[in-house]
Number of protein chains: 2
Amino acid sequence: MTGKNGAGRRWSIGELARASGVTVRALRHYDEIGLVRAGERTASGHRRYTAGDVRRLYRVRALRALGLPLEEIREALATPADALEAMRALLAAQLLELNGQAERLRRLTEQVRDLMQRLDQASLPDPEDFMTTLETMAMLDGYFTPEQREELAGRRAELGAEAVEQAKARFAGLVEQLLRHVQDGTPTDDPQVQDLVRRWDELGAAFHGDGDSGEQTAAAARRMWREHSEELGARLPWPAEKMAELVAYLESARATH
Amino acid sequence: MTGKNGAGRRWSIGELARASGVTVRALRHYDEIGLVRAGERTASGHRRYTAGDVRRLYRVRALRALGLPLEEIREALATPADALEAMRALLAAQLLELNGQAERLRRLTEQVRDLMQRLDQASLPDPEDFMTTLETMAMLDGYFTPEQREELAGRRAELGAEAVEQAKARFAGLVEQLLRHVQDGTPTDDPQVQDLVRRWDELGAAFHGDGDSGEQTAAAARRMWREHSEELGARLPWPAEKMAELVAYLESARATH
DNA sequence: GCTTGAACCCGCCGTTACGGGAGGTCCTAG
DNA sequence: CTAGGACCTCCCGTAACGGCGGGTTCAAGC
């Protein structure tokens, strides 16, 4: 009787907008990018949407509500055969994507919470301290993977605050002694120096962990020190250039096996 | 001795990019929007970053890594006094934001998973069926709040698949009987009609739930039927215009108390 | 001093999914 | 016949840069 597209209701863009809850602007956008075309136009150019167009719009909206980008929706709807298979693939991919996003969100939330905790409990009086913490965080970002950062944070929590303070004190002692050797020009293969370096590395290992992943973390830390000794040194009670020398001295000492 | 800004190292934009891991383009962008300005320029216009600029960059990167928009970072860093309080507020707001995003992600994931399940277990052979499901989902979106959708899904799961099928069958019976009354022109206050309407509403209540929230859900459903009887009716084994009439008939019957 | 390749400059277009506005045309009711 | 909606087509703006193109400038080697 009636041809496939000949008869049936038509919707103006405004009517369709009201019926579907999509804005007129968005409908025009979908038309423009060819996602949901108005099947017909009046002589004067007004859009006329057919029932088929309306159904397509609803499909698009459903997939959009799942968070899919318009481009992927178009591709999925463009597959006439194997439509179900395409959908399965699309949804599976989206599920992966969402899981990834959830994971990133989890990490971010964790970091923000951690930072707030430091703000609340740690050094109350000095804004500079906190700012410096921020700066250091950004540096760490470039060198450690998220997993490594998580491990480091976990290990610090595990050791406890007083153990960390104790380690810092021991670290300060090592720095003082080593700086004196640097000053005196003691050769790096001197047994005393080697012993100090060994204790330094052991101290670090408590934070980096052991085994292969611990070694990678330690390597990342060394690389960071090598490339940023100035900035990192500025936070310590010794002059930055001294720290740079010290880092070079340490590397040299380690190189002598 | 040396003035506050007179001495000290300067970084070219490329050096700073390599040292910080930020791209040259991003650095120029930060400069352009006034977020991290190069404190100096050479006579020919090349950017020279001072140590202060570098520190500011690291702060910005740290806050950016927490997901904060550049505009908020600028505002937070612009607060000289009360910097810590500003940080606290900033992070607290960000935590709320992240929680909101996580919640939306959870909902999306839930929906995608649900849809995949339908794809896998339900009507395998017909792509049209699934597409129609999609279309219906988009309609529901406009009428039910996320909470209502969740409740509806929960109640359906709770009732079980066979109970849902049984309800559908009873629903079909009611439609047949009511359509006959519409055909015959039975007045809507006829006791038989009123009884059918009562049974109809009871059937719906099993899905909508009871109490105030159930009534709101039911009202949303009625509104949807009123405004979309054509499209929804197209999925049922009765002609769409018959369903539109039926909806009007039902409304009239309910209006006669 | 000159050349040359790398580094740097600025300005502009593109990305997503539309929002919003300008300026003009069309439709329908009174 | 006129008023006021509804509709049309450009076009700019969004966030945070990426990536051109075309033109200086710098630093090192000869």
Side-chain angles (χ1 to χ4, degrees), chain A residues 10-49 53 56-57 59-77 94 97-98 101 104 108 138 141, chain B residues 10-49 53 56-57 59-77 94 97-98 101 104 108 138 141:
Chain A
R10 300 295 130 111
W11 285 260
S12 78
I13 196 170
E15 287 168 347
L16 183 52
R18 278 190 299 279
S20 67
V22 179
T23 66
V24 169
R25 184 63 183 83
L27 286 174
R28 276 201 265 261
H29 182 61
Y30 294 162
D31 193 355
E32 197 178 318
I33 66 173
L35 183 57
V36 181
R37 286 250 149 81
E40 303 174 359
R41 295 279 186 135
T42 66
S44 62
H46 287 197
R47 290 173 181 79
R48 310 261 93 181
Y49 288 90
D53 300 335
R56 186 173 169 93
L57 173 63
R59 292 172 195 194
V60 167
R61 289 311 289 185
L63 294 174
R64 263 245 36 176
L66 299 177
L68 290 158
L70 299 185
E71 186 52 37
E72 284 183 30
I73 295 177
R74 166 157 51 192
E75 287 167 20
L77 293 185
Q94 180 65 356
E97 170 72 20
L98 290 175
Q101 287 191 25
R104 287 189 318 153
L108 281 188
D141 259 352
Chain B
R10 301 294 130 111
W11 286 259
S12 78
I13 196 170
E15 287 167 347
L16 182 52
R18 278 190 299 278
S20 67
V22 179
T23 66
V24 169
R25 184 61 183 80
L27 286 175
R28 274 200 267 262
H29 182 58
Y30 294 161
D31 193 355
E32 196 178 319
I33 65 174
L35 182 58
V36 182
R37 285 250 152 79
E40 303 173 359
R41 297 276 189 139
T42 66
S44 61
H46 287 198
R47 289 173 181 80
R48 308 264 94 178
Y49 288 91
D53 301 335
R56 186 173 168 94
L57 174 63
R59 294 173 194 191
V60 167
R61 289 310 291 184
L63 295 174
R64 263 247 41 185
L66 300 177
L68 289 158
L70 299 185
E71 185 54 37
E72 284 184 32
I73 295 176
R74 165 157 52 193
E75 287 167 20
L77 293 185
Q94 179 66 356
E97 170 73 17
L98 290 175
Q101 287 190 27
R104 286 189 318 149
L108 280 188
D141 259 352

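First the proteins, then the strands, lettered A, B, ... as listed; each starts at 1.
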(message) Given A:Tyr30, which partner from the list A:Arg61, A:Arg56, A:Arg74 fulfils the side-chain contact (heavy atoms from CB on, under 4.5 Å) test?
(response) A:Arg61
(request) Could you point out which residue of B:Leu63, B:Leu66, B:Val36 forms a side-chain contact (heavy atoms from CB on, under 4.5 Å) with B:Ile73? (result)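 Of all the options given, the one that passes is B:Leu63.
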Expressed in angstrom and rounded to an integer, what is the separation of [X] atom [atom1] from [N] atom [atom2]?
X: B:Glu40; N: C:dC9; atom1: CD; atom2: P; result: 14 Å
X: B:Glu32; N: D:dG19; atom1: CD; atom2: C1'; result: 14 Å
X: A:His29; N: D:dT14; atom1: NE2; atom2: C1'; result: 13 Å
X: A:Leu57; N: C:dC18; atom1: CG; atom2: P; result: 11 Å
X: A:Leu16; N: D:dC8; atom1: CG; atom2: P; result: 11 Å
X: B:Tyr49; N: C:dA7; atom1: OH; atom2: C1'; result: 14 Å
X: B:Asp31; N: C:dC8; atom1: CG; atom2: P; result: 14 Å
X: A:Glu15; N: C:dT28; atom1: CD; atom2: C1'; result: 13 Å

[N] OP1/OP2 closer than 4.0 Å to side-chain N/O of [X]:
X: A:Arg41; N: D:dT9; result: yes
X: A:Arg28; N: D:dC7; result: no
X: A:Tyr30; N: C:dA17; result: no
X: B:Ser44; N: C:dC9; result: no

Closest approach to the side chain of [X], judged atom by atom: which nucleotide of [options] is it?
X: A:Arg25; options: D:dC11, C:dA17, D:dG18; result: D:dC11
X: A:Ile13; options: D:dG18, C:dA17, D:dC8; result: D:dC8
X: B:His46; options: C:dA17, D:dA16, C:dC9; result: C:dC9

(request) Mind grabbing the angle between the end helix axes of the helix from C:dG1-D:dC30 to C:dG30-D:dC1? Five pairs an end, 10° rounding. (result)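 If I round to tens, the end axes sit 30° apart.
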(request) Could you tell me whether the side chain of A:Asp53 and the main chain of A:Ala38 form a donor-acceptor pair under 3.5 Å? (result) no
(request) Hey, could you give me the CD/CG distance between B:Gln94 and A:Leu108, rounded to the nearest 0.5 Å? (result)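 Reported value, rounded in 0.5 Å steps: 7.5 Å.
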(message) Within this structure, what is the CZ-CG distance for the pair B:Arg64 and B:Leu35, rounded to the nearest 0.5 Å?
(response)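 Going from CZ on B:Arg64 over to CG on B:Leu35, the span is 10.0 Å.
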So [X], base contact, sugar-phosphate only, or nothing? Heavy-atom distance under 4.0 Å.
X: B:Arg47; value: sugar-phosphate
X: A:Thr42; value: nothing
X: A:Ile33; value: nothing

(request) Can you see which heavy atom on A:Ala17 is nearest to which on A:Val24, and at what distance? (result) CB-CG2, 3.7 Å
(message) Any salt bridge linking A:Arg18 with A:Glu15? Criterion: basic side-chain nitrogen under 4.0 Å from a carboxylate oxygen.
(response)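 Salt bridge: no.
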(message) Between A:His29 and A:Leu70, does the side chain to side chain contact (heavy atoms under 4.5 Å, CB included) criterion hold? Intermediate values first, please.
(response) CA-CA 11 Å; A:His29 182 61; A:Leu70 299 185; 4.2 Å; yes
